[in-house]
Amino acid sequence: MVAIQQQTVKEFLEVLSSKQPVPGGGGASALAGAMGTALGLMVGNLTVGKKKYAQVEASVVSLMERLTGMQGEMMELADEDARVFAPLAAAYGLPTGTDEEKAHKANVMEANLLAASLVPVKVMELAVESLGILKELEEKGSVMAVSDVGVAVQFARTAVTGAVMNVYINTKSMTDRGKAKEINDRAAAALAQGTMLADEIYGRVLNRLKGNESV
């Protein structure tokens with residue numbers, strides 16, 4: 001499997017379109033989060049160095065440093081999603097002819113379901129964190145790039161609302177219902193916070209673009 005970070009956009013889309021099990025929705029959600037950070041960085045680059053924004057430059061530079069780190073993490077998570085899914089897919093085909101084989105398959109499945117649930121939770125929580133930064137960029141960044149903040153927010157929102165699907169589809173099959181609930185609770189909290197924050201920022205951007213609020 002070629003790492004997503006080593007593929008061209010065209011290559012990634014071709015593989016995503018195919019019947020191969022990975023990349024799938026999880027990797028695409030993480031990549032959406034990375035796209036959001038990239039657009040946030042563009043807003044920062046259009047702000048830094050401009051006399052008009054000298055008072056907020058240090059703050060914007062700090063935000064950009066954080067976004068750069070998040071972008072790298074999102075790309076790693078996109079590849080990690082594929083890495084953890086492969087053994088889970090293989091586990092479904094394990095034999096169950098004897099009690100020992102059934103027990104072995106159950107143990108392998110549980111471990112891989114847990115791993116496959118934790119990656120999208122991390123994607124969600126990272127996307128929520130990026131939304132906090134995008135909120136600051138909407139307030140401090142160049143007015144010429146406010147629409148790009150809005151697009152970035154929608155990418156981050158997609159990372160949240162997309163990744164949650166991968167959480168739930170895996171946790172519902174876990175035997176350890178206590179651990180499954182713990183992960184589901186993390187996902188639910190990130191979903192609620194992320195969608196609320198994204199809708200708030202996006203609404204502000206729309207109002208500014210429509211002239212309902214001074215830009």
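Nothing fancy with the numbering, it's 1 onward along the sequence. Side chains included, hydrogens not; waters and symmetry mates left out as well; all remaining heavy atoms used. Worth saying up front: this structure is predicted, and the values here are computed from it rather than measured.
- Checked by atom type, the side-chain pair Thr47/Lys140 shows no donor-acceptor distance below 3.5 Å.
- Contact annotation: the side chain of Leu63 approaches that of Arg66 to within less than 4.5 Å [non-hydrogen atoms, C-beta and beyond].
- Counting all heavy atoms, side chain and backbone alike, Met75 lies closest to Ala34 at SD-CB, 3.8 Å.
- Ion pairing between Glu73 and Lys122 fails under the 4.0 Å rule for side-chain N and carboxylate O.
- Residues Leu209 and Ser147 have side chains in contact (heavy-atom distance under 4.5 Å, counting atoms from C-beta outward).
- Counted within 6.0 Å of CE on Met35, heavy atoms from surrounding residues, nucleotides or ligands total 12 or fewer; the atom is thus considered open.
- With rounding to the nearest 0.5 Å, the separation of CD in Glu76 from CG in Asp81 is 13.0 Å.
- Side-chain contact between Glu136 and Ser59: present, with at least one pair of heavy atoms (C-beta onward) separated by less than 4.5 Å.
- Linking Ile, Leu, Val, Met, Phe, Trp and Tyr whenever their side-chain heavy atoms come within less than 4.5 Å puts Leu41 and Tyr53 in one cluster.
- Leu134 and Val149 get closest at one heavy-atom pair: O-CG1, 3.7 Å.
- Note on Leu39: it does not cluster hydrophobically with Leu206, by side-chain heavy-atom contacts below 4.5 Å among ILVMFWY residues.
- A salt bridge links Glu14 with Lys10; the closest basic N to acidic carboxylate O contact falls under 4.0 Å.
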Worksheet item: Checking salt bridge (charged side-chain N to carboxylate O under 4.0 Å, His left out) for the pair Lys135/Glu200: CA distance, chi angles, key distance, verdict?
Response: CA-CA 9 Å; Lys135 181 178 181 179; Glu200 173 193 334; 3.2 Å; yes

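- Pairing each heavy atom of Leu88 with each of Ala116, the nearest pair is CD2-CB, 3.9 Å.
- Listed here is the closest heavy atom pair of Tyr202 and Gly150: CD1-O, 3.7 Å.
- Side-chain atoms of Leu137 and Ile133, non-hydrogen and from C-beta on, do get closer than 4.5 Å to each other.
- Counting non-hydrogen atoms of other residues, nucleotides and ligands closer than 6.0 Å to CD1 of Ile169 gives a total of 12 or fewer.
- Contact annotation: the side chain of Tyr168 approaches that of Asn184 to within less than 4.5 Å [non-hydrogen atoms, C-beta and beyond].
- Nearest heavy atom pair, residue Met124 against residue Ala159, reads CG-O, 4.4 Å.
- The distance from the CG atom of Asn170 to the CE atom of Met109 is 9.0 Å, given to the nearest 0.5 Å.
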Practice prompt. Could you please spell out the steps behind the side chain to side chain contact (heavy atoms under 4.5 Å, CB included) verdict for Leu114 and Met174?
Written response: CA-CA 7 Å; Leu114 175 60; Met174 290 175 61; 4.1 Å; yes

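- The backbone N or O of Thr175 lies less than 3.5 Å from a partner atom in the side chain of Glu110, making a donor-acceptor pair.
- Under the 4.5 Å side-chain criterion, counting only non-hydrogen atoms from C-beta, Thr98 is in contact with Glu101.
- Linking ILVMFWY residues whenever their side-chain heavy atoms come closer than 4.5 Å, directly or via other members, places Met144 and Val43 in the same cluster.
- Annotation: the span from Leu77 atom CG to Leu31 atom CG amounts to 11.5 Å, rounded to 0.5 Å.
- Within the model, atoms CG of Asp176 and CG of Leu113 stand 11.5 Å from one another, a figure rounded to the nearest 0.5 Å.
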Fill in: Criterion side chain to side chain contact (heavy atoms under 4.5 Å, CB included) on Val167 and Arg186, from CA distance to verdict
CA-CA 10 Å; Val167 175; Arg186 284 175 60 185; over 6 Å; no

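- Closest approach of Val61 to Val48, counting heavy atoms only: CG2-CG2, 3.8 Å.
- Here the CD-NZ distance, from Glu57 to Lys50, works out to 10.5 Å after rounding to the nearest 0.5 Å.
- Residues Met42 and Met70 do not share a hydrophobic cluster, defined by chaining ILVMFWY side chains whose heavy atoms lie under 4.5 Å apart.
- From Leu131, atom CG reaches atom CE of Met196 across 10.5 Å, with rounding to the nearest 0.5 Å.
- Taking the side chain as every heavy atom from C-beta outward, Pro23 and Val15 approach each other to under 4.5 Å.
- A chain of hydrophobic side-chain contacts below 4.5 Å, direct or via other Ile, Leu, Val, Met, Phe, Trp or Tyr residues, connects Phe85 to Leu118.
- Contact check on Arg83 versus Glu80 returns a salt bridge, with a Lys/Arg side-chain nitrogen under 4.0 Å from an Asp/Glu carboxylate oxygen.
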Item to complete: Evaluate the side chain to side chain contact (heavy atoms under 4.5 Å, CB included) criterion for residues Glu11 and Gln6: first the C-alpha distance (whole Å), next the side-chain angles of each, then the deciding distance (0.1 Å), finally the verdict.
Response: CA-CA 9 Å; Glu11 289 170 340; Gln6 297 173 352; over 6 Å; no

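- When side chains are defined from C-beta on, Phe12 does not count as touching Val9, because their heavy atoms never get closer than 4.5 Å.
- Classification of Lys179 and Glu182 as a salt-bridged pair holds, one side-chain N sitting under 4.0 Å from a carboxylate O.
- By the 6.0 Å contact criterion, NZ on Lys105 is enclosed, its count of non-hydrogen atoms from other residues, nucleotides or ligands being greater than 12.
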